[in-house]
Amino acid sequence: MKGGRLTYRFARPNALSGGSASGGAMGTNSEVAQLFREIADLLDLAGERFKPEAYRRAARSLEGLPEDLRALAKRGEIDAIPGIGDALAEKIREYLATGSIPYLAKLQAQFPPGLLELTRLPGLGPKTARRFWVELGVEGPKELADALAAGRLNGVKGFGPRKIELIGQALASATTPGRRLSMVEADQIARSIVASLRARAPLDAVELAGSFRRCRETVGDLDVLVTSREPEKVFDAFTTLPGLARQLMRGPTKSTIVLDSGLQVDLRVVAPEEFGAALQYFTGSKDHNVHLRSIAKARDLRINEYGVYRGEERIAGATEKEVYATLELPWIPPEIREDHGEIEAAQHHRVPKLVELSDVRGDLHVHLAADATATTVRSAVAGGEALGLEFLGFAVPADSGSSDELVKIVRSTPSSRLRVLLGAEGTPDELAALDPGAFDYAIATRPTHEAERPKRGGHPKGATSPPTLLAHFPPPNPLPDGSSLVVGPEAPSHGVDSSLLRQLAEAGGAIALSADSPDGNDLDRLRLAVGLARRGWTTAATVTNARPWAART
DNA sequence: GCCGTTTTCGGCCCGACTGTTTTCAGTCG
């Protein structure tokens, strides 16, 4: 069964699928991934050495799939998924057929359910949880709190006063688990951290690494990487940042804090000659790095966060480019470093040239509040000019009577440096009722009757000519001819994530990148939309607003 | 449990940090 492995091909034309009505990752895939993670945690408790990571690797792989497991199962391609072998393929098939995995139930029966909760407390892992259970009969957080209060932890080997104190803190803070932030939220926090550090400590290079740099749709923590001649001053500034809740650790090269928001932030100070290696290493993803290391190993090289080594000799490390070059790879854009085919593509020099912020010539989806004034619009236009945009389109509601005033304001706003455009946004019915000559373009939203009856493949009928832009979430499949899907920084919360964009890109679908900014205040957020698009392997060719306005039809 | 320019067995990333240790184990990323 194992011989002649199929190479899994991501996405297929016309597979822009659905199933994603509820926010991004396809339901089945993330369900199975979640179950695999639970199996991994239980296997940790059981003391297994390598199986847990195998299940976690499989879980990550499933979450990165652009296609639903059920569709893959139909084509018999389950065991072609990276990280899924015979055993896990069988468990997936069991789940698809019955809705459960017997192996998980079997593992669950071996441990009290509260034990897993214990391992989720910060600083408390499977080994400790298991010891508490075996030695103290502790079956969960509640029993642990009782044991702690009764002083039953005193005198347990390996548990001094400090550790007991930390366990108490962990139990107390257990009610506020850090949630993952959206890219928009993470971006704001990251920028303020960098600004604050720069203002208060002598920094040379500073970069955000981790999933933030990969522009993941959500971010669980932030990794700040810095070079500085005075690391201590940087750590001093870091551990006194505004909004700091507590410091988790501080060593000579690394410090970790938690902000009031619950967000964990890591800071590392590295030497300039190590900066590229550290940036590469901490940008990840884990699977991307594991894959790189296996390539390095085959060449008798070793990669870590300090550099690339041949024996004891460091042969690269100052820049990411030279790190990749030692593996005869071109530099790979951070947004696609997921081990989702980018390394193979790089080996064959087939990584597409991803869209860049400088490719974007305008934004066609600036919202205006009903009470927007001429000042509002002028200020938005000034923002667009400052960014060097060639055109800026305001989306005015097609339905409301108050739109007339907005139309007048937009039409009378002058700009010598960019073209001010007027778009009508509404359901196909509303757009059809408009005078076609009154607007420069149309933005179709989901018809109201369709919203009540979510159905894929809906084509806005009766729209004035084919709509230029589509603000349907989740988008219909396929996209209507001649339309472009509006993609803003908050698209992931509407089910438009990078894997959907990658399918769209491979199917040749067009998108329109937008800052999606109210009143045009934050046109700068365009770079977040660009990041999301890059993550979806999007090139400038499929970005409608990367072309001059005049070149549009 | 997965995987293979180390192929069907024998590996599986590894360093920083912490607390408790007298040299290390556990956790984390």
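Chain letters run A, B, ... following the sequence lines, proteins first, then strands; residues in each count from 1.
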Whole angstroms only, please: what is the OH-P distance between Y55(A) and dC3(B)? 13 Å
Between NZ of K106(A) and C1' of dG1(B) the distance, given in whole Å, is 14 Å
Please encode protein proximity along nucleotides 22-29 of chain B as a string of B, S and -, counting only heavy-atom distances under 4.0 Å. ----SSSB
Given dT21(B), is OP1 or OP2 found less than 4.0 Å from the side-chain N or O atoms of K157(A)? no
Salt-bridge present (E185(A), R180(A); N to O < 4.0 Å): no
Could you state the CG-P distance from N289(A) to dG15(B), rounded to the nearest angstrom? 14 Å
Between G160(A) and P252(A), which residue's closest nucleotide on DNA chain B lies nearer the 5′ terminus? P252(A)
For the pair made of CD in Q280(A) and P in dC13(B), what is the distance, rounded to whole Å? 15 Å
Would you mind reading off the distance between F50(A) atom CZ and dC9(B) atom P, rounded to a whole angstrom? 19 Å
Sugar-phosphate, base or nothing in reach of T253(A), heavy atoms under 4.0 Å: sugar-phosphate
Give a yes/no answer on whether the side chain of Y306(A) brings an N or O atom under 4.0 Å of OP1 or OP2 in dA16(B). yes
Rounded to whole angstroms, how far apart are CZ on F159(A) and P on dT18(B)? 18 Å
Within the 4.0 Å heavy-atom criterion, would you say R299(A) contacts the bases, only the backbone, or no part of the nucleic acid? nothing
Please report the distance, rounded to the nearest Å, between CG in D44(A) and C1' in dG1(B). 14 Å
Distance under 6.0 Å and angle within 45° of ring axis: R250(A) vs F235(A): no
With rounding to the closest Å, how many angstrom separate the P atoms on dC14(B) and dT6(B)? 16 Å
Using the six-membered ring wherever Trp is involved, compare the ring planes of F159(A) and F132(A) and label them parallel, tilted or perpendicular (cut-offs 30° and 60°). tilted
Verify the neighbour count for atom CD of E328(A): are there more than 12 heavy atoms of other residues, nucleotides or ligands below 6.0 Å? no
Whole-Å gap separating P (dC3(B)) and CD1 (I81(A)): 11 Å
Any base atoms under 4.0 Å from R293(A), or only sugar-phosphate, or nothing? Heavy atoms, all strands. base
Considering only atom P, compute the distance from dT8(B) to dT20(B) and round it to an integer number of Å. 47 Å
For dT8(B), what is the paired nucleotide under Watson-Crick or G-U wobble rules, both distances under 3.5 Å? none
Mind checking side-chain contact (heavy atoms from CB on, under 4.5 Å) for K233(A) and listing every partner two or more places apart, or none if nothing turns up? P202(A), E230(A)
Is D204(A) salt-bridged to R229(A), cutoff N-O under 4.0 Å? yes
If the threshold is 4.0 Å, N to carboxylate O, is there a salt bridge linking K254(A) and E305(A)? no
